[in-house]
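Here is how names work: the chains are called A, B, and so on, in the same order as the sequence lines, proteins then strands, and each is numbered from 1. What you see is a predicted model; the values in this text were computed from it and never measured.
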Number of protein chains: 2
Amino acid sequence: MNDRADKKAARATADQVAREANVSRVAVSRAFNPNASLKPEKRDRILKVARELNYTPDMAARSLVTGRSHLVGMIVPDVCSPWESQEIDALTTALQAEGFATLLFKVKADFSMDPRLLTYMRGFNPDSVIAFTENILPDVLCGFLDRAVPIYVIYDDVAQFAGAASGTLYDRLLVRQKNGIEQAVALLQGYGARRIAYLGGKAQSLANAERERTLKETLAERGMDAPIVLPGDYTYDTAYQATLDLFRIGEGADAIFAANDVGAFGAIDALRHELGLSVPDDVKVVGFDDIPQSHWKSYNLTTVRIDLEERVRALVRLILMRLRAPDAEPLTETLNTRLIVRGTVG
Amino acid sequence: MNDRADKKAARATADQVAREANVSRVAVSRAFNPNASLKPEKRDRILKVARELNYTPDMAARSLVTGRSHLVGMIVPDVCSPWESQEIDALTTALQAEGFATLLFKVKADFSMDPRLLTYMRGFNPDSVIAFTENILPDVLCGFLDRAVPIYVIYDDVAQFAGAASGTLYDRLLVRQKNGIEQAVALLQGYGARRIAYLGGKAQSLANAERERTLKETLAERGMDAPIVLPGDYTYDTAYQATLDLFRIGEGADAIFAANDVGAFGAIDALRHELGLSVPDDVKVVGFDDIPQSHWKSYNLTTVRIDLEERVRALVRLILMRLRAPDAEPLTETLNTRLIVRGTVG
DNA sequence: ATCAAGAATGAACACGCTTTCATTTTTGTC
DNA sequence: GACAAAAATGAAAGCGTGTTCATTCTTGAT
């Protein structure tokens with residue numbers, strides 16, 4: 001209790017360090033800014049005293065005068081989803097190394113965006129915001145954030161955004177889904193699959209829409225029938241049930257293309273453990289994402305990979321570029337996808 | 001580009017709102033603080049103008065004067081781990097509802113704590129910090145943070161901490177592992193298991209040490225042999241390999257008790273897909289945590305549950321208590337565990 | 001109508017820091 | 001050793017907000 005009070009008082013300020021080291025407070029500030037000109041020995045002495053006093057510059061105060069919070073906001077609907085948690089993990093690591101901290105905001109699972117959340121986030125004045133088109137449209141976000149520049153992860157065809165976002169500035173990460181889907185369809189066709197079902201993700205998800213569109217296009221190009229489209233929401237349970245329905249109520253299929261890996265797991269388990277079918281002998285399954293769980297032996301999933309490292313590297317590049325040159329022209333990074341062949345098609 | 005400059009200038013301040021609404025700046029401040037006394041109609045007018053100007057109080061400035069940042073730091077080694085991501089997700093949601101934002105910090109996977117990271121975090125002045133004993137010892141953290149109060153998840157026997165942490169103040173969340181482990185052992189014994197292997201987690205992990213200790217104690221109490229202890233690190237791959245070694249090089253076992261669910265998955269896959277053994281007929285498997293994946297049909301894991309909702313509710317309660325009454329006596333919340341019976345023992 | 005008590009108000013200060021800017025000291029050059 | 005250029009220094013001015021504190025305006029009871 002007294003202990004506590006002491007601790008409370010112990011929070012050192014630049015003034016205290018200055019007094020203790022017999023320098024001006026300005027010198028202390030400079031000691032912590034590598035670019036400022038300060039006699040090396042003086043800097044060393046200040047840093048030594050600072051260490052003794054357990055002093056750290058207050059980011060809030062610094063942010064107030066510099067206008068840079070060193071915070072990067074991340075808007076996510078579900079931290080538990082393997083896909084998103086990978087993103088958060090890798091980005092946080094990379095940004096941390098560059099001196100930025102991750103500020104996490106959760107939106108509702110149905111992707112609806114609470115305007116109060118945006119206001120709330122604005123208050124923290126993040127230097128940048130990472131969002132997914134799934135969660136919030138560019139215009140809405142751009143309208144809310146002023147200093148910060150949103151970065152968008154979008155999928156393939158940006159045409160649908162061109163109109164909505166005209167005049168607004170944001171950087172983009174494009175994922176070209178065509179390659180991977182093309183390879184997957186070729187493989188399926190090679191193994192004789194004819195009736196293909198598409199196990200969709202969330203209806204509002206643009207990634208899902210784009211995957212469905214690309215799949216249809218690819219099947220058509222190869223002279224194959226249009227896919228049976230099953231509604232989904234990216235979750236295991238829904239995928240499981242949809243697969244049961246497809247085979248019990250519907251007409252079945254000889255291949256299932258899932259909008260994400262977790263959905264593919266649900267489909268595989270329904271086929272094997274409830275329908276008594278073999279994967280890949282009776283039904284072939286392809287996923288999308290290539291999350292770590294996909295190589296687990298129980299699934300051993302053939303899936304379209306969006307390379308995590310590439311993805312994060314591109315995102316970090318965009319963010320840092322924007323932070324260093326806030327007025328630069330909007331940038332677009334493009335990523336390719338490719339098929340990882342494992343054991344669920346064969 | 002001009003667009004950008006405009007936006008930059010557009011960031012409204014309380015002064016601007018005051019001028020626009022013909023009131024003093026103090027009134028604007030009060031309008032955003034529900035407890036401050038302000039004529040209702042005046043408040044309404046101010047809030048209306050504020051909305052028009054897209055004004056949000058600057059948290060940094062506010063933090064500077066109030067001393068509360070409305071940030072809660074979270075120190076995690078791996079966002080992707082189902083266990084931790086559940087924690088992050090639920091806590092972020094709960095704290096967000098209370099007006100706090102989550103500040104995420106990643107530590108190295110080997111649980112080593114970079115002192116620079118702590119300094120860095122200190123700079124953001126979090127109102128509270130949530131950490132796990134696995135990652136950093138209480139004393140170290142307490143020594144670094146002043147105003148913020150760390151919260152720990154520790155396991156069962158706190159005696160080992162009593163010495164180290166004497167004199168320092170921190171709130172604790174205790175998990176009583178005995179109940180769940182007791183139930184699991186009873187079940188295993190009932191099905192005739194005799195040679196039990198413990199598939200450990202990270203060596204530095206105190207949760208792991210405590211689980212191993214409790215298992216040994218429980219087996220002894222029931223007159224059963226001591227377990228074969230396999231080294232692990234909470235990952236699927238290591239668990240997979242350890243299980244192979246146990247049966248190929250070692251003497252095998254008729255039951256495997258894993259330190260966490262993901263490890264149990266690795267064990268199950270090694271048994272079924274590489275060793276050709278049946279789970280639960282040949283070997284029974286019990287996990288620990290009860291993550292969402294554990295009910296997936298491919299695993300359908302019998303496991304010791306630490307209830308997520310209870311856990312998060314207790315944590316949030318502790319944090320909010322501490323934020324409201326920083327000088328209150330340290331509090332301890334206790335959680336129980338219980339066995340969830342599914343299909344890997346029987 | 002009067003008065004005390006409470007609500008409403010705004011001026012001034014404080015929070016901890018970075019950034020001019022004008023001044024002093026050091027460095028490099030002939 | 002003298003001079004210009006560069007580096008080093010500290011005083012003062014803010015950054016945008018919440019909080020005294022002394023003052024004015026309402027309210028309600030007499």
Checklist line | Note, A:Val79 side chain near B:Thr92 side chain (heavy atom, < 4.5 Å) | finding: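 Heavy-atom side-chain distance check fails, nothing below 4.5 Å.
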Next item on the list: Flag the pair B:Phe105 / B:Val129 as yes when at least one side-chain heavy-atom distance between them is below 4.5 Å, and no otherwise.
Entry: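 SC-SC contact between B:Phe105 and B:Val129 ruled out.
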Interatomic distance, [X] [atom1] vs [N] [atom2] [rounded to whole Å]:
| X | N | atom1 | atom2 | result |
| --- | --- | --- | --- | --- |
| A:Arg19 | D:dG10 | CZ | P | 15 Å |
| B:Arg62 | D:dC15 | CZ | P | 19 Å |
| A:Leu53 | C:dG16 | CG | C1' | 15 Å |
| A:Phe124 | D:dG16 | CZ | P | 18 Å |
| B:Arg68 | D:dT17 | CZ | P | 19 Å |
| B:Leu38 | D:dT24 | CG | P | 19 Å |
| A:Met59 | C:dG16 | CE | C1' | 13 Å |
| A:His70 | C:dC17 | NE2 | C1' | 13 Å |

Item checked: Earlier contact from the 5' end, DNA chain C, for B:Asn22 and A:Tyr55 ->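 First, find each residue's nearest nucleotide; the 5'-ward one identifies B:Asn22.
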Checklist line | Closest non-hydrogen atom pair, B:Ala21 against B:Arg45 | finding: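 Closest approach of B:Ala21 to B:Arg45: O-NH1, 2.5 Å.
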Check: In terms of the nearest nucleotide of DNA chain D, which residue is placed more toward the 5' end: B:Asp58 or B:Lys39?
Finding: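 Closer to the 5' end of DNA chain D: B:Asp58.
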Note to self: What I want to check is whether an N or O donor and acceptor connect the side chain of B:Arg25 with the base of D:dG18 at under 3.5 Å.
What the structure shows: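 Between D:dG18 and B:Arg25, which were checked side chain against base, a qualifying N/O pair under 3.5 Å is present.
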Taking only side-chain nitrogens and oxygens of [X], does any of them come within less than 4.0 Å of OP1 or OP2 of [N]?
| X | N | result |
| --- | --- | --- |
| B:Asn33 | D:dT19 | yes |
| A:Ser29 | C:dT18 | yes |
| A:Ser63 | C:dC17 | no |
| A:Lys42 | D:dT9 | yes |

Next item on the list: With heavy atoms under 4.0 Å as the rule, sort A:Thr66 into base, sugar-phosphate or nothing.
Entry: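 Contact class for A:Thr66: sugar-phosphate only.
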Check: Base, sugar-phosphate, or nothing for B:Phe32, non-hydrogen atoms under 4.0 angstrom?
Finding: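 The answer is nothing, as B:Phe32 stays clear of every strand by at least 4.0 Å.
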For the side chain of [X], counting heavy atoms from C-beta on, which of [options] is nearest?
| X | options | answer |
| --- | --- | --- |
| A:Val26 | C:dC17, D:dA11, D:dT17 | D:dA11 |
| A:Val65 | D:dT17, D:dG10, D:dG14 | D:dG14 |
| B:Arg30 | D:dT17, C:dG16, C:dG10 | C:dG10 |
| B:Leu64 | C:dG16, D:dT9, D:dT17 | C:dG16 |

Check: Any ion pair linking B:Glu333 and B:Arg172 (charged N to carboxylate O, less than 4.0 Å)?
Finding: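 Looking at B:Arg172 and B:Glu333, the cut-off is not met.
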Notebook entry, point to check: For B:Lys106, does its backbone N or O pair with a side-chain atom of A:Gln96 as donor and acceptor, under 3.5 Å?
Noted result: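 Yes; judged by distance alone, with no hydrogens or angles, the pair exists.
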Notebook entry, point to check: Does the salt bridge (charged side-chain N to carboxylate O under 4.0 Å, His left out) test come out yes or no for A:Lys48 and A:Glu52, once each step is laid out?
Noted result: CA-CA 6 Å; A:Lys48 180 159 162 282; A:Glu52 283 165 6; 3.5 Å; yes
